[in-house]
Amino acid sequence: MIILQHIAARLYLRVLLVLFFVSGGLSLVVLAPLYKGAFAPNASYSDFSFVRLWAHMYKVLWRSLSNRQYREMYPSRLSDPPIQNNDRSRMRIKTSWCGSNDNCDMCANPCCEQITCPLMVDKRCLSYGSLYFGYYYCGRYPNSQSQVDLYKCPKWEVRPQE
């Protein structure tokens with residue numbers, strides 16, 4: 001039964017994404033409460049810039065379609081459960097990291113800023129804890145050396161296998 005919930009959540013998010021692209025982004029305006037609930041439920045509408053969201057969505061689509069290596073960095077199955085933090089059995093915080101363990105405030109070049117994520121406001125993620133965050137890339141980051149390398153992440157490293 002739980003697996004069906006994971007499948008339903010992913011399908012819901014995919015339907016929203018397909019609607020966005022099929023409508024040229026207009027569904028984001030027409031169905032704003034659905035998108036807000038799935039991507040940033042605790043944010044206010046004034047936190048969003050339609051143009052920035054629109055541009056970012058197409059940038060991610062282009063990167064996903066044109067860059068096979070990028071696509072393969074974030075594998076997931078339809079039935080995978082949501083994840084709010086990376087897998088600590090695979091990743092660990094570097095001993096050289098001088099910031100807090102529970103955020104990236106001390107990072108000079110955080111990955112979210114590198115990709116100019118429109119859901120970052122004042123170094124805080126508006127999407128944190130959302131359906132999207134848990135089921136897609138954000139909650140799973142980082143989970144491999146290729147992800148750490150892509151963003152030149154100073155905080156995380158792959159845990160040596162014993």
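One-based numbering along the sequence shown.
- Distance alone, capped at 3.5 Å, places no donor-acceptor pair between the Arg92 side chain and the Val158 backbone.
- By the neighbour-count criterion of 12 heavy atoms within 6.0 Å, atom CD of Glu72 is densely surrounded, having more than that number from other residues, nucleotides or ligands.
- When all heavy atoms are compared, the tightest approach of Pro118 to His56 is CD-CG, 3.3 Å.
- Between Ile93 and Glu157, the shortest heavy-atom distance links the atoms O-OE2, 4.5 Å.
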Open item on the list: Would Asp80 and His6 count as a side-chain contact (heavy atoms from CB on, under 4.5 Å) here? Give the steps.
Closed with: CA-CA 6 Å; Asp80 283 349; His6 301 318; over 6 Å; no
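- The shortest side-chain heavy-atom distance between Lys152 and Cys111 does not fall under the 4.5 Å cut-off.
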TODO: Go through the steps for Tyr137 and Tyr132 under the test side-chain contact (heavy atoms from CB on, under 4.5 Å), then give the verdict.
DONE: CA-CA 8 Å; Tyr137 311 139; Tyr132 176 79; 4.0 Å; yes
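- The cluster map of Ile, Leu, Val, Met, Phe, Trp and Tyr, joined by side-chain heavy atoms under 4.5 Å apart, puts Val121 and Met57 in the same cluster.
- For Tyr151 and Tyr141, the distance between ring centers is under 6.0 angstrom.
- Between Tyr58 and Trp54, the distance from one ring center to the other falls under 6.0 angstrom.
- Looking at Ser130, its side chain never comes within 3.5 Å of a backbone N or O of Ala40 through a donor-acceptor pair.
- The minimum heavy-atom distance linking Lys94 with Pro154 is given by the pair CD-O, 3.4 Å.
- A search for side-chain contact (heavy atoms from CB on, under 4.5 Å) contacts involving Pro142 returns Asn86, Met91, Gln147, Val148, Trp156, not counting sequence neighbours.
- Across all their heavy atoms, Asn101 and Lys155 have their closest contact at O-NZ, 3.0 Å.
- Atom CD of Gln145 is separated from atom SG of Cys153 by 10.0 Å, given to the nearest 0.5 angstrom.
- Checking side-chain atoms of Lys59 against main-chain N and O of Ile115 turns up a donor-acceptor pair under 3.5 Å.
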TODO: Given side-chain hydrogen bond (donor to acceptor under 3.5 Å, both in side chains), test Glu113 with Asn109 step by step and report yes or no.
DONE: CA-CA 7 Å; Glu113 287 183 19; Asn109 195 21; over 6 Å; no
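- Atom-to-atom distance recorded for Cys138:SG and Ile83:CD1 is 12.5 Å, nearest 0.5 angstrom.
- By the neighbour-count criterion of 12 heavy atoms within 6.0 Å, atom CD1 of Ile2 is sparsely surrounded, having that number or fewer from other residues, nucleotides or ligands.
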TODO: Run the numbers on Phe48 and Leu119 for side-chain contact (heavy atoms from CB on, under 4.5 Å), then give the verdict.
DONE: CA-CA 7 Å; Phe48 300 108; Leu119 296 175; 3.5 Å; yes
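- Checked by atom type and distance alone, the side chain of Asp122 never pairs as donor or acceptor with a backbone atom of Arg124 at under 3.5 Å.
- Relative to the six-membered ring of Tyr45, Lys36 meets both conditions, a distance below 6.0 Å and an angle of at most 45° to the axis.
- Transitive grouping of hydrophobic side chains (ILVMFWY, heavy atoms separated by less than 4.5 Å) keeps Phe133 and Val60 in distinct clusters.
- When all heavy atoms of Ser146 and Met73 are compared, the pair lying nearest together is OG-CG, 3.2 Å.
- Asp47 contributes a side-chain N or O that, together with a main-chain N or O of Ser44, makes up a donor-acceptor pair within less than 3.5 Å.
- Across Trp97 and Cys104, no two heavy atoms sit closer than the pair CZ2-CA, 4.1 Å.
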Show me the donor-acceptor pairs, under 3.5 Å and distance only, between side chains in residues 10-29 and residues at least two apart or in other chains.
| unit_1 | atom_1 | unit_2 | atom_2 | d |
| --- | --- | --- | --- | --- |
| Arg10 | NE | Arg77 | O | 3.1 |
| Arg10 | NE | Leu78 | O | 3.4 |
| Arg10 | NH1 | Ser76 | OG | 3.4 |
| Arg10 | NH1 | Tyr135 | O | 2.8 |
| Arg10 | NH2 | Tyr135 | O | 3.2 |
| Arg14 | NE | Tyr136 | OH | 3.1 |
| Ser23 | OG | Leu19 | O | 2.8 |
| Ser23 | OG | Phe20 | O | 3.3 |
| Ser23 | OG | Gly25 | N | 3.4 |
| Ser23 | OG | Leu26 | N | 3.2 |
| Ser23 | OG | Ser27 | N | 2.9 |
| Ser23 | OG | Ser27 | OG | 3.3 |
| Ser27 | OG | Leu19 | O | 3.3 |
| Ser27 | OG | Phe20 | N | 3.3 |
| Ser27 | OG | Tyr35 | OH | 2.7 |

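- Taking Arg90 as the reference, nothing meets the salt bridge (charged side-chain N to carboxylate O under 4.0 Å, His left out) condition, with sequence neighbours excluded.
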